[in-house]
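Structure first, commentary second.
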Amino acid sequence: MTIDPRLSADAPASPLPENGLFLADVWDGLGARRKSLPAKYFYDAAGSALFEKITVLPEYYPTRTELRILDERGPEIAARLPEGAALVEFGSGSTVKLRRLLRHLPGLSAYVPVDVSGEFLAEQARVLRADFPDLPVEPVAADFTQPFTLPPSLSGRPLAGFFPGSTIGNFEPAEAARLLDVFGRILGEGATLILGVDLVKDRDVLEAAYDDAAGVTAAFNLNLLHRINRELGGDIDPASFAHRALFNEAESRIEMHLVSRVAQTVRVAGRAFPFAEGESIHTENSCKYTIESFRALAARAGWSALDAWTDTDGLFSVHALRRAG
Ligand code: AVJ
């Protein structure tokens, strides 16, 4: 039996890719004039384990800060959810953050984890039911970036969504707005959405969080190349690429890149991809917002601000939004 890597403590809420698409996405990305690879492919077993290590690095503030906000502001956050609400978690990576909220939500009528991996969902539901015997857990196997239908048993109940981890940051603003609109269509009029959003801050703090001294984030980024070699028979020498993380202030996002140290040609499943020295593969965007800029984005997608909570250093935010009626 294989254990889904995302069962570990703080895996992000990102859907596992379907296998056949990986090669197509790699060919597309490396064949483009400006090379890129989709960030969702970071999370194989090795990548998920490296991400776990990232979340406890001294430089990587988001995870511990969000957990602290959920702990300290739990009662206020819970007060934003109507009594008897069903809580839908989009991309239920792990239940660590959910569990922080559950303590403050005795009136919850159901928990609905949504994830593309049915196997993963079943295991997660089993563990939660054991720990919370009174809470109905109704998993839905679906890709949360596309509209899906909720179990009919939820009809008539007030609905709330949960999207922690600043996963929203991996989507460019237009895509993020589209995703928030999809959430709104799924949850419906009057629904509440609780989500975690990383905040803009000093370049040095941001860049250190994505380029830590111990080199864990570098290994996480480079694992993408190892994964291409392992799963697609690539011949890439990962040592010939350097990890780069930079804050793109104009776009308000951290970008991660893999920069070719030399002029070279790599091969993946029979296709050749030439690199100039210094040419990069753009592997991730992690968009950073202010409370106001995020609220403006949410408003474009049909959500109005109820509340927002931050830590005392203003590093991270948790928002409560309401779907316009
Ligand atoms: C899981 C998308 C929230 O953007 O901070 C961590 C992923 N990448 N270090 C983030 C990540 C490099 C993370 N998210």
Side-chain angles (χ1 to χ4, degrees), residues 5-17 36-44 46-67 69-70 89-98 115-116 144-145 162-173 175-176 179 194-201 203 205-225 227 241-248 251-259 280-289 294 311 315-319:
R6 293 169 304 156
L7 280 173
S8 56
D10 192 51
S14 95
L16 281 185
S36 68
L37 289 169
K40 64 182 176 185
Y41 293 113
F42 282 136
Y43 303 97
D44 66 347
S48 296
L50 286 164
F51 182 72
E52 287 305 302
K53 290 190 174 175
I54 288 174
T55 64
V56 295
L57 288 169
E59 297 96 331
Y60 192 77
Y61 60 84
T63 306
R64 75 175 66 89
T65 309
E66 183 178 38
L67 284 170
I69 296 169
L70 292 176
E89 183 169 2
F90 298 103
S92 47
S94 86
T95 58
V96 172
K97 288 167 186 168
L98 169 81
D115 198 277
V116 278
F144 68 77
T145 65
F162 187 42
F163 194 46
S166 202
T167 306
I168 193 77
N170 269 177
F171 298 81
E172 290 174 43
E175 275 296 291
L179 185 62
I194 306 293
L195 79 179
V197 181
D198 195 17
L199 296 172
V200 189
K201 58 188 62 65
R203 170 183 297 275
V205 176
L206 281 170
E207 291 182 348
Y210 292 83
D211 190 8
D212 60 282
V216 182
T217 309
F220 174 73
N221 199 7
L222 287 160
N223 177 58
L224 212 42
L225 302 180
R227 184 174 182 190
F241 285 85
H243 166 68
R244 287 273 177 288
L246 58 96
F247 182 50
N248 178 337
E251 303 284 350
S252 196
R253 68 190 188 203
I254 279 281
E255 296 180 3
M256 295 211 311
H257 294 264
L258 291 165
V259 180
S280 94
I281 309 170
H282 187 173
T283 53
E284 186 174 43
N285 286 322
S286 190
C287 297
K288 309 301 175 189
Y289 294 91
F294 184 74
D311 52 295
L315 295 173
F316 197 91
S317 62
V318 174
H319 291 249

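For ligands, and for the atoms within them, numbers begin at 1 and follow the listed sequence. All values derive from a computational prediction rather than experimental measurement.
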Please determine, by modelled atom types, if N223 and D44 share a side-chain donor-acceptor pair under 3.5 angstrom.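 Indeed, the side chains of N223 and D44 share at least one donor-acceptor pair under 3.5 Å.
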
Would you say the side-chain atoms of D311 and T65 include a donor-acceptor pair closer than 3.5 Å? no

Among Y61, Y60, F220, which one puts a heavy atom closest to atom 13 (C) of ligand 1?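 Checking each option, the heavy atom nearest atom 13 (C) of ligand 1 is found in Y60.
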
I'd like to check which ligand 1 atoms, numbered from 1 as shown, lie under 4.0 Å from a non-hydrogen atom of G165.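 The atoms of ligand 1 under 4.0 Å from a heavy atom of G165 are 3 (C).
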
Can you list the ligand 1 atoms lying under 4.0 Å from a non-hydrogen atom of N170? 2 (C), 4 (O)

F220 and F42 aromatic centres sub-6.0 Å: yes

Sequence neighbours left out, what passes salt bridge (charged side-chain N to carboxylate O under 4.0 Å, His left out) with E175? Give chain and number order.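 If we apply the salt bridge (charged side-chain N to carboxylate O under 4.0 Å, His left out) test to E175, skipping adjacent residues, the hits are R178.
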
If you measure every N/O of [X] against every N/O of ligand 1, is any gap under 3.5 Å?
X	answer
S286	yes
Y43	no
S166	no
T217	no

Indicate the atoms forming the closest heavy-atom contact of V197 with I168, along with that distance.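 Distance-wise, the nearest heavy atoms are CG2-CG2, 4.2 Å.
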
State which residue, out of F294, Y289, F162, F163, fulfils the ring pair (Phe, Tyr, Trp, His ring centres under 6.0 Å) condition with H319. F294

